[in-house]
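Here the structure comes first, spelled out in C-alpha cells, and everything after it is commentary.
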Amino acid sequence: MQLDPLGDWRKTLHTTDVNPQLDGEVITLLGWVKEIRDLGAIEFIILQDRKGTVQITIPKKKVNKKVLEKASFLQLQYCIGVKGSVKKTDMAQRGFEVIPDEIRILGIAQHPLPLDITGKTSAGIDTRLNARVLDLCKENNRATWNIQHETLAAFRRFLSQRGFVEVFTPRIIATATEGGAALFSVDYFDREAYLAQSPQLYKEELTLCFEKVFEIGPFFRAEESHTRRHLSEFISIDIEQAFATADDVMKILEQTIHYVCETLSKNCREELKVLKHEVDIPKLPLKRFTYTEILDELKREGIDIPWGEDIPTPAFRTLGELHPYFYFITEWPTESKPFYIKPLSSRPEVSEGFDLMWKWMELVSGGTRVHSKSLLMKRLEEQGLNPESFKHHLQVFDYGLPPHAGWAAGLERVLMMLTGKKNIREVVLFPRDRTRLTP
RNA sequence: GCCCUGGUAGUAUAGUACGGUCUAGUAUAAGCGGCUGUCGCCCGCUCGACCCGGGUUCAAAUCCCGGCCAGGGCGCCA
C-alpha cells in the first residue's frame with residue numbers, strides 16, 4: 001500500500017484535549033487505530049495517541065468518497081491522521097465524536113499482530129517483551145512510564161534542592177569497583193575493560209571536590225540471577241555526601257522517599273487508578289531495626305540464622321509479612337558488607353551499613369564509608385582484593401578525602417513498589433537478564 | 001549454577017491422570033459477507049496449531065529418553 005505523506009499535517013490537539021465545547025471546530029488528530037467497529041452504514045474507529053483515545057465516526061452515506069475508501073483499508077494498529085470536525089453528541093462516551101473530512105494512512109501494520117492490542121487476550125511476559133514497543137502502547141504501560149518519569153523528576157528535584165550536584169561517572173572501567181558482583185568484560189582497544197557495576201568509588205572521590213553528589217544511570221552485573229527482581233542492566237540512583245554518617249544519609253533517604261511517594265500520589269492519580277494501585281505516603285521517621293534485632297525476630301518465627309550470616313530470601317519474605325512497609329535494617333555484620341563500608345569503632349564486627357527494605361525487598365543500600373586509607377587497605381585484603389588494583393582510588397585518600405556516607409537505590413525496585421508490579425521486567429522498557437539480550 | 005513446572009493456530013487456553021470418534025475444542029486476532037449508534041458491538045462463513053530429535057506401541061498431543069525454549073523458586077547479588 002502507498003503511504004500518504006504527513007505533508008503539513010500537525011497534531012492540533014492530543015486526543016485527551018478534545019472536548020464537546022469544540023463542537024464544529026476542525027481539528028487534526030494523529031495516532032493509531034485501536035478498534036474498528038463497522039456497523040454497516042456507520043463505522044466507528046477508536047484512535048489512540050500517547051494520551052488516550054477518541055472516537056472517529058464515519059456515517060458512510062454522509063462522508064466523501066475518499067474518506068470512505070481510506071476507511072475501508074484501515075486495520076488495527078495502522079498509524080493514521082484524521083482531519084475532521086468535532087461534533088457534540090450524547091451518543092458518544094465522551095460527549096463528542098470526530099467526523100472525518102480526510103484520512104491519511106501514515107504507517108501500516110502486519111496482521112495478525114504478535115499480540116492482541118485490544119486487551120481481550122492477554123499475552124505472557126515473554127511474548128510481550130518480544131514485541132515490546134507494541135506492548136508499551138497499552139494504557140497500563142503508558143501509565144507505568146509516566147510514573148517512571150515523575151519518579152525520576154521527583155528524585156532529581158529533591159536532591160537538587162538539598163544541594164546535591166548531578167554527576168556522571170564512567171561506565172567503562174579498568175578494575176572492579178567492589179568485590180561481590182561479577183563484571184561484564186569489554187574489549188577496550190587492545191586492553192580488557194569492564195562495564196561498571198556501580199559508581200561507588202567515583203562518587204566517593206567526588207565528595208572531595210563537590211561535597212554532595214548524585215548520579216542516576218545504568219549499571220551492569222554479570223550475575224546469573226534468575227529471579228523477578230534482578231537484571232543484568234539496571235538503573236541506580238546514587239548519592240554521596242561529605243561530612244556525613246549513615247545516620248545523616250538515612251534521614252536524607254527517608255525524606256527523599258517521602259517526597260517521591262507524596263509527589264506520585266499527587267501527580268499520578270490517573271496512572272495509579274489505571275494500575276489499580278495505591279501509593280502510601282510513609283510516616284517519618286521510618287522504622288529502624290538492627291540486624292541483631294531482625295535475627296531475634298526471625299528466631300521467634302522459627303527461623304534460626306547464625307549471627308554473621310546473610311539473611312536468605314525466604315526469611316526476607318517472612319519479614320515482609322511482619323513489616324509490610326518501609327523499614328531500615330542497620331548494623332549489619334562488617335563481614336557481610338563491601339570493603340568500603342565502615343566498621344563501628346567500638347564494635348568492629350558491626351558495620352555502619354544499612355539497607356532500606358520495602359516489605360521483603362531491598363530497595364536501597366548505604367552506609368558510612370571507610371575514609372582511612374590504612375583501614376581501607378586492610379579491608380580490601382580481608383575481602384581477598386588486591387590493593388594494587390585500587391591504587392588510583394587509594395591515591396585520592398592522600399588528597400584530603402572527607403569523611404562521607406551515601407546510598408544507592410535501585411530505580412526498578414522503587415518502581416515495583418510504586419506501581420505494584422511483581423516482575424521487575426514489567427518496569428523496564430527493554431530488560432536485560434541472564435537469557436534476554438533482544439530486543 | 002541447582003530445583004520445580006510447563007511448551008497445542010498470531011495471542012491466550014481446553015484436551016495429557018488411564019494412548020484409540022482429537023478429523024485437536026474454545027476465545028480473541030486475521031479473511032469474506034451482512035447490519036445506522038457501537039463502545040469487549042452483533043450475526044454467519046472461512047483460514048490457522050500439538051517445540052525439536054529419538055524410542056515404546058497395532059496406534060502417541062498424551063508414555064519414556066535427550067535437546068532447546070519459557071515461567072517460577074533457590075543460590076549468587078542489589
Side-chain angles (χ1 to χ4, degrees), chain A residues 34-48 53-63 72 75-77 87 89-95 97 99 109-131 134-135 177-183 197-200 218-238 309-317 332 336-338 353-358 360-366 407-414 416 422-425 433-436:
Chain A
K34 269 312 129 165
E35 289 173 49
I36 301 171
R37 288 190 284 271
D38 187 350
L39 274 64
I42 190 164
E43 182 172 356
F44 303 99
I45 291 166
I46 305 302
L47 181 87
Q48 176 180 288
T53 59
V54 98
Q55 175 171 293
I56 311 294
T57 302
I58 305 171
K60 292 188 188 169
K61 284 175 186 157
K62 291 180 190 162
V63 298
S72 72
Q75 290 187 298
L76 290 188
Q77 197 53 33
K87 187 183 159 199
T89 169
D90 290 335
M91 288 185 287
Q93 275 182 344
R94 286 177 57 203
E97 59 195 10
I99 314 292
Q110 287 185 335
H111 280 280
L113 291 161
L115 44 83
D116 177 12
I117 59 162
T118 68
K120 292 170 192 164
T121 312
S122 59
I125 185 83
D126 189 50
T127 305
R128 289 172 44 210
L129 291 176
N130 283 334
L134 203 52
D135 180 52
T177 47
E178 313 176 21
L183 297 165
Q197 63 182 176
S198 125
Q200 185 61 36
F219 290 95
F220 309 89
R221 308 249 166 123
E223 298 296 337
E224 305 232 16
S225 302
H226 189 91
T227 76
R228 288 182 295 171
R229 64 188 190 285
H230 288 91
L231 293 164
S232 303
E233 178 175 357
F234 70 103
I235 307 288
S236 185
I237 302 172
D238 274 85
E309 290 201 0
D310 267 330
I311 299 168
T313 306
F316 272 125
R317 288 185 196 270
W332 285 83
S336 72
K337 285 286 171 188
F354 65 85
D355 286 349
L356 176 66
M357 307 296 298
W358 183 70
W360 64 281
M361 198 165 57
E362 184 191 329
L363 278 192
V364 186
S365 189
W407 46 255
L411 172 67
E412 294 86 352
R413 290 187 181 180
V414 171
M416 285 170 80
K422 299 281 191 285
N423 187 325
I424 201 163
R425 292 159 186 80
D433 59 35
R434 175 66 187 85
T435 54
R436 182 172 286 279

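Here is the naming used below: chain letters follow the sequence lines, and residue numbers restart at 1 for every chain. Any value given below was found using the heavy atoms of this structure, including those in side chains, with hydrogens, waters and symmetry copies removed.
Taking the P atoms as reference points, B:G48 lies 11 Å from B:A24, given to the whole Å. For B:C52 and B:U8, the C1' atoms lie 15 Å apart once the distance is rounded to whole Å. Across the C1' atoms, B:G25 and B:G71 are found 25 Å apart, a figure rounded to whole Å. One P atom belongs to B:C42, the other to B:A27, and the distance between them is 11 Å to the nearest Å. Only the P atoms considered, B:A9 is 26 Å distant from B:C4, to the nearest whole Å. Here the separation of B:A30 from B:U11, taken at their P atoms, is 15 Å to the nearest Å. Between the P atoms of B:G10 and B:G44, the separation comes to 24 Å (whole Å). Taking atom P on both nucleotides, B:U5 is separated from B:G66 by 14 Å, rounded to a whole Å.
Counting any heavy atom pair closer than 4.0 Å across all strands shown, A:K61 reaches a base atom. Among the atoms of the strands shown, only primed sugar atoms or phosphate atoms (P, OP1, OP2) are found under 4.0 Å from some heavy atom of A:N423. Looking at heavy-atom distances under 4.0 Å, A:Q55 makes contact with a base. If you check every strand for non-hydrogen atoms under 4.0 Å, A:P312 touches sugar and phosphate atoms only. Contacts of A:E43 with the nucleic acid, taken as non-hydrogen atoms under 4.0 Å apart, are absent. A:I117 comes within contact range of no nucleotide atom at all, as no heavy-atom separation falls under 4.0 Å. Residue A:F234 is classed as a base contact, given a heavy-atom separation below 4.0 Å to a base. Looking at heavy-atom distances under 4.0 Å, A:A92 makes contact with a base. Across all strands shown, A:S236 has no heavy atoms under 4.0 Å from either base or sugar-phosphate atoms.
Atom-to-atom, CZ of A:R413 to C1' of B:C77 comes out at 8 Å; the value is rounded to the nearest Å. Taking atom CZ of residue A:R94 and atom C1' of nucleotide B:U38, one finds them 16 Å apart after rounding to whole Å. Atom pair A:Q200:CD and B:C77:P shows a separation of 16 Å (rounding to whole Å applied). Distance A:K120 NZ to B:A27 P: 13 Å, rounded to the nearest Å. Taking atom CD1 of residue A:I424 and atom P of nucleotide B:C77, one finds them 17 Å apart after rounding to whole Å. For the pair A:I36 CD1 and B:U28 P, the interatomic distance rounds to 16 Å; values are reported in whole Å. The nearest whole Å value for the distance from the CD1 atom in A:I56 to the C1' atom in B:G37 is 15 Å. When the P atom of B:G37 is taken as reference, atom NZ of A:K60 falls 13 Å away, rounded to whole Å.
The phosphate of B:G75 has neither OP1 nor OP2 within less than 4.0 Å of any side-chain N or O from A:T227. Side-chain N/O atoms of A:R317 include one lying less than 4.0 angstrom from OP1 or OP2 on B:G73. When the side-chain nitrogen and oxygen atoms of A:R37 are compared with OP1 and OP2 of B:U38, none of them lie within a distance under 4.0 Å.
Side-chain atoms of A:L39 lie closest to B:U36 of the nucleotides B:C76, B:A70, B:U36. When distances run from any side-chain atom of A:T313 to the nucleotides B:U36, B:C74, B:C76, the shortest one goes to B:C74.
A:I424 is listed as a side-chain neighbour of A:M416, based on a closest heavy-atom distance under 4.5 Å. Residues A:W358 and A:V414 have side chains not in contact (no heavy-atom distance under 4.5 Å, counting atoms from C-beta outward). Residues A:N130 and A:R436 have side chains in contact (heavy-atom distance under 4.5 Å, counting atoms from C-beta outward). A:I46 is listed as a side-chain neighbour of A:R37, based on a closest heavy-atom distance under 4.5 Å. In this structure the side chain of A:L39 never reaches within 4.5 angstrom of the side chain of A:K60, judged on heavy atoms.
Salt-bridge annotation for A:D126 and A:R425: absent, with no side-chain N of the basic residue lying under 4.0 Å from a carboxylate O of the acidic one.
Taking A:W332 as the reference, A:Y291 meet the ring pair (Phe, Tyr, Trp, His ring centres under 6.0 Å) condition, with sequence neighbours excluded. Taking A:F219 as the reference, nothing meets the ring pair (Phe, Tyr, Trp, His ring centres under 6.0 Å) condition, with sequence neighbours excluded. The side-chain contact (heavy atoms from CB on, under 4.5 Å) test applied to A:K120 returns A:D116, A:T118, not counting sequence neighbours. For A:S72, there are no side-chain contact (heavy atoms from CB on, under 4.5 Å) partners, not counting sequence neighbours. Partners of A:E224 according to the salt bridge (charged side-chain N to carboxylate O under 4.0 Å, His left out) rule, which considers only residues two or more places apart in sequence or in another chain, are A:R434. The salt bridge (charged side-chain N to carboxylate O under 4.0 Å, His left out) search around A:K34 returns none, not counting sequence neighbours. Not counting sequence neighbours, the partners of A:D135 by the side-chain contact (heavy atoms from CB on, under 4.5 Å) test are A:L115, A:R128, A:R132, A:K138, A:N141.
The closest donor-acceptor contact from the side chain of A:R94 to the backbone of A:T53 lies under 3.5 Å.
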Might you list the N or O atoms of the protein lying below 3.5 Å from N or O atoms in nucleotides 44-49 of chain B, with each pair's distance?
none

Produce the list of close N/O pairs, under 3.5 Å, pairing protein atoms with atoms of nucleotides 31-34 of chain B; give distances to one decimal.
residue	atom	partner	partner atom	Å
B:G31	OP1	A:Q75	NE2	2.1

So what is the 5' to 3' dot-bracket string for RNA chain B, if pairs are Watson-Crick or G-U wobble with both distances under 3.5 Å, crossing pairs use [ ] and | means the partner sits on another strand? (((((((..((((......[....)))).(((((.......)))))....(((((..]....))))))))))))....

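The residue among A:E97 and A:E233 whose nearest nucleotide of RNA chain B is located toward the 5' end is A:E97. Position along RNA chain B of the nearest nucleotide to A:D433 versus A:G410 favours A:D433 as the more 5'-ward residue.
In this structure, NZ on A:K87 lies 7.5 Å from OG1 on A:T57, to the nearest 0.5 angstrom. To the nearest 0.5 Å, atom CZ of residue A:R413 and atom CD1 of residue A:I235 are 14.0 Å apart.
Listed by first and then second residue, the salt bridge (Lys or Arg N to Asp or Glu O under 4.0 Å) pairs that reach into residues 227-238 of chain A are A:K203-A:D238, sequence neighbours excluded.
Syn is the glycosidic conformation of B:A17, whose angle stays within 90° of 0.
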At under 4.0 Å between heavy atoms, which parts of nucleotides 1-12 of chain B does protein reach? Answer with one letter per nucleotide, 5' to 3': B base, S sugar-phosphate only, - none. B--------BBS

